[in-house]
Amino acid sequence: MSSMSYKGYIARIEFDERDDIFVGRVLGVSDIISFQGASVAELRTEFHLAVDDYLADCAEQGISPDKPASGKIMLRIRPEVHAAATIAAQAAGP
């Protein structure tokens, strides 16, 4: 899968062979945010416009936009599993 990122939003990129265009869709949000372009430059521009439009729409409606994942997840596990996961993550590095 090819992807692009902008303002923390990630989009999946595919090539539509039938229509000879690139098609993108923003991942990780409940709303459908899609865009397309005939070239990579056009696709990137349309992606930026789509995200900016989404954020502007949310602001206009007075609602909080879906945000990309923070990277934090809350769950309960046994302390020894937590310790092992912490050690493994530290050993793997940044």
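Keep in mind that this is a model prediction, so the values were computed, not measured.
- R12 has a carboxylate O that lies under 4.0 Å from a charged side-chain N of E14, or vice versa, which qualifies the two as a salt bridge.
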- Message: Is there a side chain to side chain contact (heavy atoms under 4.5 Å, CB included) between L55 and K7? Walk through the geometry before answering.
- Response: CA-CA 10 Å; L55 295 173; K7 293 187 176 180; 4.0 Å; yes
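- In this structure, S5 OG and I10 CD1 are separated by 4.5 Å, a value rounded to the nearest 0.5 Å.
- Sorted by first and then second residue, the salt bridge (Lys or Arg N to Asp or Glu O under 4.0 Å) pairs involving residues 54-63 (not counting sequence neighbours) form an empty list.
- In terms of the salt bridge (Lys or Arg N to Asp or Glu O under 4.0 Å) criterion, residue partners of R78 (sequence neighbours excluded) are, by chain and number, E80.
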List, one per line, each side-chain donor-acceptor pair under 3.5 Å for residues 30-43, sequence neighbours excluded.
from, atom 1, to, atom 2, distance (Å)
S30, OG, D66, OD2, 2.7
S39, OG, E42, N, 3.1
E42, OE1, A38, N, 3.0

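- Residues passing the side-chain contact (heavy atoms from CB on, under 4.5 Å) test with I77, sequence neighbours excluded: L75, V81, H82.
- Between Y54 and Y9, the ring-plane angle classifies as perpendicular under the 30° and 60° cut-offs.
- In terms of the side-chain contact (heavy atoms from CB on, under 4.5 Å) criterion, residue partners of F15 (sequence neighbours excluded) are, by chain and number, E17, D20, F22.
- Not counting sequence neighbours, D53 has no partner by the salt bridge (Lys or Arg N to Asp or Glu O under 4.0 Å) test.
- Its side chain within the 4.5 Å cluster rule, V23 clusters with I21 among the Ile, Leu, Val, Met, Phe, Trp and Tyr residues.
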